[in-house]
Protein chains: 2
Amino acid sequence: MKNPKIKSEEIARIAGVSRSTVSRVINNYSNVPAETRDKVMKVIQDYNYFPVMSAQVLAGKRMRTIGLFLIEPGNVSSDSLTNMLLVSVIENASEHGYYILANIIRDTKNKDTIRSVKEIFMQKRIDGGIFIGAAINEPLIEELIAEGFVVGVVDQNQEYPQSNRIVANFNNDSGMKQALAYLVDLGHTKIGVINGDMNRLSGQTKYEGFKKAMHLHNLPVKPDWVLPGDFHDRSGYDAIQTLLHIPTDLPTAIIAANDSVAFGAIRALKEHGLQVPEDISVIGFDDHVLSDMHHPALTTIRVDFNDMLKHLTTDVIAKIELGTTNIKEITMDCSLVVRDSCKRI
Amino acid sequence: MKNPKIKSEEIARIAGVSRSTVSRVINNYSNVPAETRDKVMKVIQDYNYFPVMSAQVLAGKRMRTIGLFLIEPGNVSSDSLTNMLLVSVIENASEHGYYILANIIRDTKNKDTIRSVKEIFMQKRIDGGIFIGAAINEPLIEELIAEGFVVGVVDQNQEYPQSNRIVANFNNDSGMKQALAYLVDLGHTKIGVINGDMNRLSGQTKYEGFKKAMHLHNLPVKPDWVLPGDFHDRSGYDAIQTLLHIPTDLPTAIIAANDSVAFGAIRALKEHGLQVPEDISVIGFDDHVLSDMHHPALTTIRVDFNDMLKHLTTDVIAKIELGTTNIKEITMDCSLVVRDSCKRI
DNA sequence: CTGAAAGCGCTTACAG
DNA sequence: CTGAAAGCGCTTACAG
């Protein structure tokens, strides 16, 4: 370790100014003449000086880091979405000069977990947090918000609007409407749905959107064709198993709460000798990375997580910096992507 | 914001002790009688007190955070490996009470990038760093090490052994030996290879391992059958295109530098009407998440990134805490996973 | 066992 | 425009 870390005092001495002035040039105060600034900057660069962050923070600066909390009960590893989210958040934060402290939460109800998440905020390790994967009501998040910390949450709404809570969602209503309009246009009237996790806002809004859209087209929502699911492949598979074992006629088209569910559903259909889209049409939601390569290529509702996270990150940082008290709610559009999994009838 | 953050001084006052004592119980000093400790702890809990981290750090404690630097020139998003690595590092660090500051490096040669990475270390935002995706020689990393920072690096060696550098690798030599022994056992003697990125240590060691293993079996390494690649799917595809367009007979088996390359290679082979393993055997390396589901299921050399990162993280933290001066080099075993992409001839 | 005091390395009113 | 000084909230020798 060749570096005993030069500190601002020495920079000041060498540049022939006071620590105050060194601090002023570092913090870009306007009242420092160019000449002085240049002189000090030269010394700073020559000595490769960087202010110690903890000293800056203790003296009143921000950490410039935001905590990213990925709520993932199961194995995160398999989900390549998480990865994209992370990259998106990191790079956007970075553009604002912010850093990301990445965390995984396995269980939001776990005592130790709750304590350690709160600790991160209370210790002032971070200036704010972003939660991904939250259920509709997460006491942990509510507590944090009540404490006044700024938090961004994907997939929640402003039930009790608070200015330090920023929510981000997709317009699932519109997405479902598009999906349905497309199917109806193809001649479908017998349409089923495999739901997502109803503990998540998007699970609910997608189903609500489905019902509304069906109503719009004067189509009945047949209870036998409303299958439970949880956003995972397996639940799509199971839903089809269920559907095929009840004495009912089959829908001609199925809307899945997301593409993973659609994959599972198609797998189950194939196993029962039903071809997609020849025998039954399937439409997904989210536009998963693999949907394009899937056989058949999956028709779906595209959603731009990247862009959403970008907005959320930016807004969280803005809230931290500006402390504005307006209520922030981000809603992103989604759009139909037609591929090969639906057929005209 | 209902919380003006209670500080240690008030805790002390309320508990009827000095700040010194409060600090002692927080830091678990042994010379505090149980009675005093309990009394103080009660107040700490009652008031939900957490020491401000920047103050602790400024007073000499560690940040307890390590920087994770993912070097990813292209789009990270598609690679589900990154995700696994991240989770593995976060959870292991967490077990040691450490946090992960996650960073993406697009270009290790970029001036601004270099500066900002160095800044993170110099500012003392982190106690150490872990680099994933590094080339054999990364001046940035060398500088950091020269400065005395503790750095863990995947896929590099201890060329100039330094105690604050910790490297982690797989035993590619052994892996290649296993792959080759298997192919030879199946009767293959005409064996080709598609290399990985030769700027990466693993690219080199895999090829070296291949050559050594061929030599061991008295098999000639035919130059026409040594194809360049870069660890990505596309390069495997391109390699096969090249191979099929040169006037040479074909090998009966091909070893790919990793599974992505193998996927690309198999895709190209199929397009040329060659079936795997019927017409040509292909073996991969790394055991990608998708290899199991691939058609044909890919025979490969399994490698446990998770476990490697766990060791690396643990060792980096140990080095930070203990400051030991021994040279650390982690080498992980790999093992053959037989599936359906190789055939006996 | 425990308190008073110094110190960690900055920033920012304050005064000039 | 600029410096001296106070203060940020802790920890840890030091002394008793």
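Order of the sequence lines fixes the chain letters, A, B, ..., with proteins taken first and strands second; residue numbering starts at 1 for each chain.
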inquiry  = Can you classify the ring geometry of A:Phe149 versus A:Phe121 as parallel (below 30°), tilted (30 to 60°) or perpendicular (above 60°)?
reply    = tilted
query = Going by distance alone, is a donor N or O of one side chain under 3.5 Å from an acceptor N or O of the other, for B:Asn169 and B:Thr331?
reply = no
query = Side-chain donor-acceptor pair under 3.5 Å between A:Thr314 and A:Asn92, yes or no?
reply = yes
query = Looking for any heavy atom pair under 4.0 Å, which part of the strands does A:Thr21 touch: base, sugar-phosphate only, or nothing?
reply = sugar-phosphate
request  = List in chain and number order the residues that pass salt bridge (charged side-chain N to carboxylate O under 4.0 Å, His left out) with A:Lys7, two or more places apart in sequence or in another chain; answer none if no residue qualifies.
outcome  = none
key: Ion pair B:Lys118/B:Glu143, N-O distance below 4.0 Å   = yes
inquiry  = Counting runs of three or more consecutive pairs, Watson-Crick or G-U wobble, with each distance below 3.5 Å, where are the stems of DNA chain D?
reply    = C:1-3 with D:14-16, C:5-12 with D:5-12, C:14-16 with D:1-3
task = Go through DNA chain C in 5' to 3' direction and return only the first and the last nucleotide with some atom under 4.0 Å of chain B's heavy atoms.
result = C:dC1 to C:dG9
Heavy-atom side-chain contact between B:Val151 and B:Ile130 under 4.5 Å = no
message = Classify B:Thr36 by what it touches in the nucleic acid, base, sugar-phosphate, or nothing, heavy-atom distance under 4.0 Å.
response = sugar-phosphate
query = So what does B:Ser8 touch, heavy atoms closer than 4.0 Å: a base, only the sugar-phosphate, or nothing?
reply = sugar-phosphate
message = Can you tell whether the side chains of A:Glu142 and A:Arg165 come within less than 4.0 Å, N to carboxylate O?
response = yes
task = May I ask you to decide whether A:Asp127 forms a salt bridge with A:Arg62, counting only side-chain N to carboxylate O separations under 4.0 Å?
result = no
